[in-house]
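To start, the structure itself, in structure tokens.
Order of the sequence lines sets the chain letters (A, B, ...), proteins ahead of strands, with each chain counted from 1.
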Amino acid sequence: MKVNYLANLAYIVPELIVLLTMLLVLILEATYSKRETSRSYPFVATVIGLFFALYALLHQGQLEGTLIFTQGQVSDSFSIMMKFILILGTLGASYVAWSSKELYNNFQSEFLVLILGGLLGGMTLVSTQQMLNLYVAIETLSILSYILAGLKKRDSRSIEAGLKYALYGGVSAGVMLFGLSHLYGLVGSLYFSDIAKALQYLPVNELTLAIMALLFFFVGLAYKASLVPFHMWSPDVYEGSPFAVTTFFAIVPKLAALGILARLSIQFFSFPGPLGEFWFSLLQVMSILTMTVGNITALGQKSVKRMLAYSSISHAGFMLLAVVSSRQADISSLLFYGLAYFFMTVLAFSVVSFVSDEYGNDSYDRFNGLMKHHPFMSILLVILMCSLGGLPPFSGFVAKFLVLSSLVSSGFYLLAIIGVLNSVISLYYYLRLVRVMVFSPSEAQEGLKSFSWDKQLYSYLLLVPVVFLGIFWNSFYHWFVQGTLFIQ
Amino acid sequence: MVSLSSFLFLSFVLFLTGLMLVLGRKSIIFVLIGLELILNAAALNFVAYSRFVTEKLDGHLFALFIIVIAAAEAAVALALAIRFYQLKETTHLDELSELKH
Amino acid sequence: MDYSFWNIAPIILFPLGAFVINAFVGCKLYRKGDFISVGAIFASFLYALRIFKDVIVDQHSKDFYVHKVFTWFDLSVGDFPFKIDMGFYIDSMTATMLLMVTGVATLIHLFSTFYMAGDAKYGKFFVFLSLFTSAMLALVLSDNLLSIFIFWELMGFCSYSLIGFYVEKEAAGNASIKAFMTTRVGDVLFLLGILAIYNIVGSISIVDIYSALAMGSFEGQSVIGVSALTFIAVCLFGGTIGKSAQFPLQVWLPDAMMGPTPCSALIHAATMVAAGVYLSLRMYPVMVAGGITDFIALIGVITAFGAATIALIQTDIKAVLAFSTISQLGYMVMGIGVGAYNPSFMHLITHAVFKACLFLAAGSVIHSLHDHHTHGHVQEMPRMGGLRKKMPYTFLAMLCCTLAISGVPLFSGFVSKDRILGDALYFGMVHPHKWMMIVPVLGFITAGLTAFYMFRMLFLTFFGAPRDEEVYNHCHKEHFSFTQNFPLLLLSLFTLGVVYSGSLTGLGKINIPVVGKEWFSTLITMPKVEDFTQREKVKMMDSHLPEKFETSHYHVHEASEMTHEEHVLHKAHSIGAITSIIIAFLGIFFAYLMYISKGLNPAKWESAFSCWNKALKERYYFDHFYEKILIGKGLHGFNNALAWFDLNVYDRYVIDGWEIIAKKIYLGLSWFDMKIVDAIVDLSGTIIRFFNVTLRTMQTGRIQFYFVVLFLALSGYMLLTRI
């Protein structure tokens, strides 16, 4: 379905609203004086703008797919649902920024502008239908992320994180482009529909070149989703960046990359043939490696933030399993996992940021004996760790269960077993935090000042979806089942 | 008449050179130069394919985009590198390893 | 009836909220938060009152109302349905039960503020009470077997916690474990029944089960060889046997008296043990269709008779009440078995009221008798006596309730028990097997025994000269205290029979409560499953859709519909009424002779029936049987038999023919076990640790190393796909 050109704008209203919010924050930052109260104006503007974008997104009305911008983008229900989770992720990151003291006061509006820009890149990425759009979207997301990682300019760790991200991201983008260029030469077009047709009917003598090109191309996407062995930047970058930025990184680029991976896998490689076999076996190997390496490396960490970084790598591996099993084009499990993962991640990073604000670092020892002075927050963290580890009746369990059930129904029994084993391993480092909190003697004489009652209230409000999604997941799942891809 | 394969060969050589710089040199600036080489190799590839294989303008357009975005990326990377130099007084890559394990 | 979620759900949510609040901040609140629990259950009572008024008073008693709250999960794929919905089910039985539970619970909460005052774990007690009441109310409101099971188990947990409340008493801990384990046996059977039902019907909602029954979905199905209906009925009744302490799983209830007395009143007299009977009443069509009603009647009457005999010689006041509870539960189960649906439910309600009152009165007595040597309270009746003058209010309450339980006319117990006995007599008369007359015969004998031992308890406690002077002198004279006496007196008011058989809203007339149209009799009727097939599909409760409720008019089962059997019924009820009155008074008279006028000597009777006496003291050796013989000799014996077989037969055969090989195999296996199996276990830990260290070392922090890994992986994969 092609629409006349100006009507295309109706389909990107959420993106336009995000863009306008970006401009609004920039203007606000330029015009307000340095009073303390006006510190919150950019945040308020961001939140309002994002809520408008959410509203516009959910009222886009039609759910069947439409190609817009002369087949450059698509607007289907999958992209709408992915964008929904991405906007929520940005809201979460701005909440963490607002409640933690880590970002310098005069950089907070830069932070907001940059994550809004990153969100824009992510939203474009999940709805793209052309390779050029894909590249531009990835680069938008990435370049803004380099700046975000290095936002704490007086901290050498933050600069190091930004620089590592920039160098690694640049090289990976270069490799991706190299593969993409050969793919372009092979296929002759940059549009997904043409590429899909060409890949399906590829003559055998060009198969090798196609596989090489696809491998190079895959590097770029795999680096963004931090899949092993292209993940090595992410622990360092997550650890060095400020907490709010890490929250953003853990949700938006990761889910956007996995979304585009899902779209590519289903659009290009759902046909039987050697290329399909190659791609899906690649994905399977990647997912096994990612989960395992992510979990095993997380075991001995001393810093909770770094542990959470590795755990997000292993969660990405699990989400990749959802992509693997989506050979039957049912990616609802990926969407539900993304939603559950978002709530858990925001809550985890925000609570750890509170502890880190108080003490200056986020080692496991800072959590010693938290139960004594803050029983409510400790219980919240216990519930959160159990949910992250996949224990019922929380949302982490339901998300993993949905992925595993789609794996089993597609016949990937070995992958399901490995997924379950990895969940078991992950429980060790999650419950280690619980053990430290409950059983180790407390080193503090009084409670943490940063656990003020309003922060505890917000944390509990964020905990509600974690538990709620674990029990009343049925209606959400049925909404996500309608998230189908538009393939032409 | 220069054929497609010579373009491809050149771009491959550029890619390898860029790769060697990225992997081998210990200064941040050199890594950035290598990165630029890699990106330009890809751009050359696009132009070559577009000229010889598809006869369309897609590849040329893509190469323009690559140049623009590479410039932006280089700007950001250089800004971070300058800040790093101000903090650490060196551009040696081994100093860039405070976050590890 | 016009209900929304928020008209019904607060009944459960109030006590649940009280539980959450008290669990987290209770110890910091004023008076440890007991007023929250009491207030919550009283609020639930008001809501239950409203539902009761709608259902009973506004003459909607023939309707039922199902309200689906949410779909717990729906994993249907294609045409394979797998969907569990949770919802509320309200009919007249639910409404009455809700009113009873909330009313009795409110009064017991009130009494607990008096009884448990000064206890170190005062707040925790209310936490568990609130959790328990919310679970019980949710069970009563449930519309499907699965949520009944969930709340059944939750109540079992609360019972476990409350029985073992006094952690310093080791016997209390043992008793709580025993209670949990014994009811577990019943629960496993219950779960099997649920699974069988789900397998055949495809749903576990009560309404769906009824309509499936009417449509004949169970015909021809069989489970492990027996007809499906019989299997399901037996399994579901198994749940009742466990939870309502029927033979043979009655052993846990007497030991459950180790818990605090208000908990005994609420859980082990009025509500939790009634849940088993409630389940059987709900699933009554299944039981009838499964053909096990005779079996149910037999179990019920055996329990009733057996427990009544054991209660004859008990000396602890709570033990008498415990065995009396088991006996009355046996009456209810017997009532279900003989087809007395309405009387059985009525006895459930009346029993709850007077048994709760009896327990509370016993608690009042125990609380005021201090033993200064052991610093505890006195529970043994041989040390009581003559308390009538010192505790007049308690005596009045206990007198009313004892009269009720003994089946004296004008009291509620007579109304319900007599109707059960009348129906049992009718059942015995028309039953094809004449030996089933044993059911009503034993029922009547038990009624006499009940009267006897209850009045024995009353006389020993309140009449005569005090047997232990010290305890008697230290007992305080009772003043009227709101929390102590008001619950007792209010409950004993409801033991008067006029409440249950009087005319209310002009529905029935007051007449001889034998055959007549009392309001309670038109209240609850046996569900006719045919009427459940014409219902329309109920929509899910969705925020966009209005709720739908459904009404179904089903016929009131009136005894006057059939003429020939009405004669026999009338005759049976008349004989039954007269017989039960005579037997009750005989029992009271015997008790009077033994304990007041000392005409008969109890000791002589004991020695005359000495072996039976010994059996009674040992509670018919049930505990002995379970612990020493079934587990001790049975399981161990089985183990030993297997070991003997293994050692002597297998080894001998192997050694004779295969001596060398056998030795080598043995050596190999032990080496395998030690070196390999243990090594695998250690190795898995070592491997993971090794990889952890390796991977963390690989994360060198130097970015060029990261690039190297990237390109190595890329080229590695390229080579792999080439090969």
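Looking at every heavy atom in both residues, I296(A) comes nearest to I688(C) through CG2-O, 3.7 Å. Nearest heavy-atom pair, M232(A) versus Y706(C), reported as atom, atom and distance to 0.1 Å: O-CE1, 3.2 Å.
Within the 4.5 angstrom heavy-atom criterion, only side-chain atoms of T208(A), from C-beta onward, approach chain C. Within the 4.5 angstrom heavy-atom criterion, only side-chain atoms of Y310(A), from C-beta onward, approach chain C. For S281(A), the parts sitting under 4.5 Å from any heavy atom of chain C are the backbone and the side chain alike. The part of F376(A) that comes within reach of chain C is its side chain, from C-beta onward, which places non-hydrogen atoms under 4.5 angstrom from that chain. If you measure heavy-atom distances from V228(A) to chain C, you find no contacts under 4.5 Å at all.
Between F278(A) and Y717(C), the two ring planes are tilted [angle within 30° to 60°].
If you tally non-hydrogen atom pairs under 4.5 Å between each of L207(A), L163(A), L282(A) and chain C, the highest count goes to L282(A). Ranked by heavy-atom pairs shorter than 4.5 Å toward chain C, the options V398(A), V293(A), T292(A), V285(A) are led by V293(A). Most heavy-atom pairs under 4.5 Å with chain A, from the set L714(C), V709(C), L712(C): that is L714(C).
The neighbour count for K124(C) NZ, taken as heavy atoms of other residues, nucleotides or ligands under 6.0 Å away, does not exceed 12. Around atom CZ of F151(C), more than 12 heavy atoms belonging to other residues, nucleotides or ligands sit under 6.0 Å away.
Of residues 692-704 of chain C, those residues with a non-hydrogen atom less than 4.5 Å from any non-hydrogen atom of chain A are, in numerical order, N692(C), L695(C), R696(C), M698(C), Q699(C), G701(C), I703(C).
For W152(C), the side-chain hydrogen bond (donor to acceptor under 3.5 Å, both in side chains) test picks out D187(C), with sequence neighbours left out.
Residues L299(A) and F691(C) form no side-chain contact, since every pair of their non-hydrogen atoms from C-beta on lies 4.5 Å or further apart.
Rounded to the nearest 0.5 angstrom, F707(C) CZ and F230(A) CZ are separated by 13.0 Å.
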